[in-house]
Amino acid sequence: MRAWIPGMRDSAIEGLSTLARRPDWRCADDGEIIRARVLDALNDENPVVRMNAAEAFNALYIDLDAADRAQKAGDRLMGEQDATVQTVLLKAVASEMDAAPQSVDDVLKNFITGSATSTGAEDDGDEQRGLVVDVLTILAVTKGTPFAASSINQWFASAPQFGTESLRAIQRLRNYIAPQAEPELQARAFELLATAADEALVVLTRRASEQYNRADSSAAETAETEDALRIMDGIADQIYFASGAFQKDHGGQGKLGPSHESFALRAVPVLSTCAHSGVAMVLHQVVETLIYLGPLNEKRALVAIAGAVGDNMSYAGESLAGNLVIPYLKRLLAEHRELVLFDDEGVAAFRHLLSAFATAGNESALEMAFTFADVFR
Amino acid sequence: LSKPVLQFLLGRVPEAGTGERQVDPDRDAIVLCTDPAAPATVRIQLASAVQRVASQPPGTGFGTELTKPQHAALKIALDHVRRAWKAANQSEPSNEDLRSFFRTLRVLTLDLEEGRSDQQAALTALHRALPDNSRAPTAWTVLGAEGHASAETREWRDRPMLGVALSRKDVALAAPKMHAADVTVLRERSAANLRKMQAEARLPVVAGGLYISRSVSEKLRTATSRENVLIIGDAGSGKSAVAQDLATSRSTEEVVVLLARDLVGINQLRTNAPIQEVFRAWAGPPGLIAIDGVDALRGSDDRETLSCIVSALAGTRWQVVATARTFDTRYSQPLRRAFPGSPLTQVPNMFDERLADVRHLLVSDLTDDELDRAITAPMTLASVIAEASPDLRTLLRNPFNLRLAADLSDGLTSGQRAELLQVRSRVELLRHYWDRRIRSHDRLAREALLTRLSVDMVKRRSLQTAEEEPTVVGTDSTALEDLLSQNVLSALDGAIQGVGRVLAFTHNILFDYAAAIYVLYHPTDLGGLTGQLDADPTLPLVARPSFDLLVDMLWDKRSAGHFWPRVLLVAGSQHDLASLAIASRIANLVRAADDLLELAPKSGEANTETALLPRQKLAGQIIGAVRAQTVVPSMSSAVLPLATLAHRLASNASNASNASYSHADAALAVDVTRALQGRIPIADEDPPQPGRDERANVIAALLDGCRSDPRKMEHIAGAAARQLKYVIGFSPEVRQSVRRLIDDQPALKQWGGTVLTWFPEAAAAALNQDPQLARILATVATTFEEERDEQVSFGGSAIVGMNESRKQQAGRAVHELGEIFFDFCERDIITSTEIVCDLLTDDDQPPEPYKWPITAHGRTGYIENGYGLSLRPHTNEDEQKMLTALSTALLTASAEDADEAVGILVDRMHSAFGWAALIDQPSDPAGLGRILFAGLESGAMLAHPDTFPRAAALLVAVVKSGGAPAAQIEAAVRNAIELAGRSGAGDYVKSVLVGCLGNSEVSDSELARRREGLGDSAPEIPTPLSIQSDSTPWSVVDHLQTQGIGLSDEVESTARTLACAINEAQSGSATPDAVDGLITAFMAATEVFAEAQALHPRLELLLVSAAARLAHVATARPDSPHGTRVLRVLNDAAEHPDAGLFSR
């Protein structure tokens, strides 16, 4: 939000706008006077005054139903030139999202397709864009309104090209992928994340192969690659936090409940895609999450972790990685011997991980490889 | 009656499995107990009434079929019960509720005085539960006390707990009838187990076998605590023998010896009740349960179950002692949970420090003393031990090896005896055993059978296999029975006795050897092992000990070319775990300098930078193994061969004279030196450690080699430089290589902080042998000018990506030098002084160099001009630290060294900051003043704005301590006054300087005149100049005042108060006091501002801002005075022409 230097009229409207939002003042004798003042201020020539007045927009039209109110805010939005005032009006529109999703969708469509250059956009643009992305993401996932759905689909289908929008939307999706989320919403949110991860991986793979052929790359290509990495990182990050692994790592409850199984079913493939980025930072969160989800299905987690680590020696050589994975392998060896000694896939995955970390020089892995045969004594 | 009602409604009965349940009238009784002194209404009438009502069918009216007295008693009881029920349950009970309650209630009258009827009846009843009837009165007393205690504390007691309480008074309970059969089963199995363990604990060296008494057994036997203990140790260490020793020693108490598989798994003992229930019910005096072979349990559920059994016995009479391998204990949480506590002892070799939270006792190899005491003449083995080499003796301290040797020593010929004495390793011992027990007769048939058994066991990941085709065929009969009778194999019954025998080697190590020679070794096929691994890639994990034995055998034959080709083939394959296994064993086997040279670069070898060569992979794996103490416990033998290899690898780091120079070889060389340093740090001692010079030569070779391609080799150069401090002191080769590096500007420029960071420590290490080089290193490190701003890794973690700039990286050298400079100065003050001067010297001469001239000890110099602020807190902290160190060291240096150091400073240190820092807050001002007096005498230090106050303080200290002749002191002041005058200093400085002379007699007339002029009030030495600042909150009033706008006192005060109140109430978490303060200030301001003439617009805005803030406050309601005023202020301003604007 832009900073402003307050003046008399905008400060007064700020106060009156606050009073207009208070039920006790709206019902008071002076309620109408206050409303009239703030309504007038919506048309003030000064944008700071209009901004303060717009804060009370929904309170000024409290008698209308949500759809009409959203439409009215939308009409005003289309006539507003100042980016900061637009942002305040967008918030008013967004607040009707639950009650009038289609109207909000229509307003946003008009606003985005018809928005001309506005003053102050260079300062307030990020907040405004972020707000629009937030609202469209929520609408797309929870209500499936047409404009929101098509926008989100477009962003995620070409996530690295729409880096800013995708990254913001990925953050917003955390609530919908959480284990406690409604299954239908969770499925939709994970579908979006999977699409974005796949697209980001395509870009990274292409760039990696091009690296061998070309020494230089354009600024746009570099930006796209960086965004692809950020998208991978963002997705792994949101899944990690949504899973509850963070709470467990930080001494909280973080207990796995029945709802985690459907979460894990959807999360594991997406995490595996993120792991293919090969970036240690991303990979570490993937592995942390998979280990946390392990007790739901140890084999699934073990195979996924082995696939994620792959032949990434730079990751296996990190002490942080070793401190995470080796105790996990020890736990499996102590508590799930059938899996790591007799199940073909489990044995192969276990062997792969132990080999990767031991080869990378991890002392605990070496020690474990050295003493492993003791389990058969 | 209210208590029984409460118990009935709210009471909970403990229950196995569910934890607890409600009181159930069909199972439980609530007893209202009284004695014969109670009135008959209660004892007789109430008891009968309750019994009758409870027995009547539902719907029967209360009072039906009761006598009048019973009815009266019941009526009273019902009144009480209904009242208590309602109070407890908030509802009236129905008649059937009350009947349920009465079904639970028993009214008992007990005559329990000594010798009275009920007491006698109780004693008689106790006779049935006690094997010794004479203990009944004691048991009665104990039970009474327990009942009393449980009633007071509202706790429950079950039979085992009462059993424990009784046992404390030496009252034993008979085994409960319902578990009698189970107890018999346990006792029988225990006796069989103990007999077997006792037999196995005996060594076949004398008739009937020899039991070796061990100190670790004694430690367990004599432990006074009866806490549970886990006996841990490696396979073959003798854990079972220690457990049986304890069981045997506890002959006076009930001892139950079980194998873990008796308790859980498919072959567990069949008992009528769960085994923990049997043990809990089996009360009596303290007893012991010994559980052997917990590690034999494979499933996590089994371990969890065992852990639950052990936990369930807590609080009973049983002490549980179990055996498990160290490995299993370390990794099994259920096992660790079952034996919580601290180690039984802290005696070395009897505890594992990684199991600090487990109550355990570690069983290691036998001690020499135990061996010598146990194996004595005329035993044949005694003479073998007496003549054994140290290697063989070490080998025989392991109980398994000792058993093998005992087996072999039976009926030895002199030739066999000589061969046995030549044995140095376990594989040799096993080979002899194999020759005597297996290959001596019917070799082909026996080895064919053992091959099939080994292959099958490896394939099935089991140390046992069924005696069935195709593993065992009919023609194996003779061979099998021979091997069983030779004690090589053992046969166990399967689940059904007598049907389907299960075969196993009598010891795991025999299996390991068999797997090594029959499964892993392919005598005619170099690639046989790799092919075996392709078929079963997990072999290196599951048959790891066999790998070790195979490597040992092949290593012995390396000169015949059997070793390296095989292991390099494995290293070049995808079987990293196999190669790691081999590498780990190699690291334990190497002894001679050239043992690893097969891994050194070969001339004409193809160089590849994209993938490691097999020799490089194997070398890397050996280095990894060396880092892990568990993998290579003793490093001393490996140092020389590793260092020799590293030198050869490092020599391949240069492209100057080497067409196939290799970054990978150089990296390996660095890794070797780091790994060695981690395990066996280089010590500067005489005679030098083996490999010490080779290790130094590696560093020298790397520093030289890396310079041939500075960009590519930067990280390796940094890693080598990091180790300079360990070797530069004793190695002339390293010092020469460092000199060559310092002369190589392009390399230094490329590497910057990557290597410079390590120079200060290297300089400190070189100081004694080569002070000149030390000075150069310190100076180069601290004066290097890094121009690049690119980011480099800081900390090197890709997960937590942290970077620093090249400049920051290079700056760390100065910090490092500051940290260690005190030590530097203590050891060599002259070189240290030169370093300080190098650091502070500016090549450009100032415009007026001799404005502040200084001389001392025949040297002449100058101090650069300054303005009194060169020495400030938080600037040049590292340099300040160094000068403080130098100043401190001057105080303890010899007079000669101190004078020389001062001379160097005078000659070379022109920095005013340097001089100020040198004399800032010395620990001994008089001492430092005396040492620097020659310099002070020149006057410059005393008069220079940067040094004047500090130097004056030194002079005062010198005067007071009589540290210099008066004439020289006067000369110093005189010179200083003259210089001060020349530089335009005022009289104040001169007066301070004169004041420094104190009350001493002054011969100089000019000085005397000046001092007289001061009278009794000589000015004090000022504190050195410093910059200080403070701040106060800026308000609109301040803004107006800066614009020259005057306000009345009242308006100003009101405005300030209001501005302050707005600030305090601005935050989202404003306190109620802050909000109240704002309301008060706002109300006052509206009045004061209304009265003011021509109120400034900024103050009007202040008032409106306050109103806007108050609009959020809940108490600003439409009907409140301040609410009304808020609205008025806002309304008035709503059409004001002035409005705000966005910043941009």
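The chains referred to below are lettered A, B, ... by the order of the sequence lines, with proteins before strands, and numbering in each begins at 1. It should be emphasised that the depicted structure is a prediction, and the values quoted were computed from it without experimental measurement.
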Residues from residues 576-585 of chain B approaching chain A under 4.5 Å (heavy atoms):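 So far as heavy atoms go, B/Asp576, B/Leu577, B/Leu580, B/Ser584 are the residues that approach chain A to under 4.5 Å.
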
Checking [X] against chain B: side chain, backbone, both or neither under 4.5 Å from a heavy atom?
| X | value |
| --- | --- |
| A/Arg22 | side chain |
| A/Asp24 | both |
| A/Ala348 | neither |

Side chain to side chain donor-acceptor pair (under 3.5 Å) partner of A/Arg9, chosen from A/Asn46, A/Asp44, A/Asn52: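 Of the listed residues A/Asn46, A/Asp44, A/Asn52, the side chain to side chain donor-acceptor pair (under 3.5 Å) partner of A/Arg9 is A/Asp44.
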
Min side-chain heavy-atom separation A/Val286-A/Tyr240 under 4.5 Å: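 Heavy-atom side-chain distance check fails, nothing below 4.5 Å.
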
Do the non-hydrogen side-chain atoms of A/Ser17 and A/Ile34 ever get within less than 4.5 Å of each other?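 They are not in side-chain contact.
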
Quick one: side-chain hydrogen bond (donor to acceptor under 3.5 Å, both in side chains) partners of B/Arg460, sequence neighbours excluded?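 Applying side-chain hydrogen bond (donor to acceptor under 3.5 Å, both in side chains) to B/Arg460 gives B/Asp456, B/Thr465.
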
Taking atom CG of A/Asp311 as the centre, does the number of heavy atoms from other residues, nucleotides or ligands within less than 6.0 Å exceed 12?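 12 or below, so no.
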
For A/His284, enumerate each residue passing the ring pair (Phe, Tyr, Trp, His ring centres under 6.0 Å) test, keeping only those at least two apart in sequence or located in another chain.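 Residues passing ring pair (Phe, Tyr, Trp, His ring centres under 6.0 Å) with A/His284: A/Tyr315.
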
Please collect all side chain to side chain donor-acceptor pair (under 3.5 Å) contacts where either partner lies in residues 341-360 of chain A, sequence neighbours excluded, each pair once.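 Of all non-adjacent pairs touching residues 341-360 of chain A, those that pass side chain to side chain donor-acceptor pair (under 3.5 Å) are A/Lys299-A/Asp343, A/Lys299-A/Glu345, A/Arg351-B/Thr538.
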
In terms of heavy-atom pairs under 4.5 Å with chain A, which of [options] leads?
| options | value |
| --- | --- |
| B/Glu1100, B/Arg1117, B/Arg1098 | B/Arg1117 |
| B/Ala625, B/Ala1116, B/Gly624, B/Gly1123 | B/Ala1116 |
| B/Ala675, B/Gly620, B/Ala1107, B/Ala1114 | B/Ala1114 |

Who among A/Ala358, A/Ser364, A/Gly361 has the most heavy-atom pairs with chain B under 4.5 Å?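 The option with the most such pairs is A/Ala358.
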
For the interface with chain B, which of A/Val279, A/Ile13, A/Leu354 has the highest count of heavy-atom pairs at distances below 4.5 Å?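 Among A/Val279, A/Ile13, A/Leu354, the one with the most close pairs to chain B is A/Leu354.
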
Under 4.5 Å from a heavy atom of chain A, the part of B/Asp548 involved: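 Looking at B/Asp548, just its side chain touches chain A.
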
In terms of heavy-atom proximity below 4.5 Å to chain A, should B/Val626 be classed as side chain, backbone, both, or neither?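 Neither part; nothing is under 4.5 Å.
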
Under a plain distance cut-off of 3.5 Å, with no hydrogens placed, do A/Arg2 and A/Thr84 share a side-chain donor-acceptor pair?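 The criterion, which ignores hydrogens and geometry beyond distance, is satisfied for A/Arg2 and A/Thr84.
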
Tell me if a side-chain donor or acceptor on A/Arg50 pairs with a main-chain N or O of A/Ala41 at a distance below 3.5 Å.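 No, because the side chain of A/Arg50 does not come within donor-acceptor range (under 3.5 Å) of the backbone of A/Ala41.
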
Polar side-chain atom of A/Asp30 near backbone of A/Ile33 as donor-acceptor pair, under 3.5 Å: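 Judged by distance alone, no pair lies under 3.5 Å.
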
Basic-acidic side-chain contact under 4.0 Å: B/Arg674, B/Asp671: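 Between B/Asp671 and B/Arg674 there is a salt bridge, with a charged N closer than 4.0 Å to a carboxylate O.
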
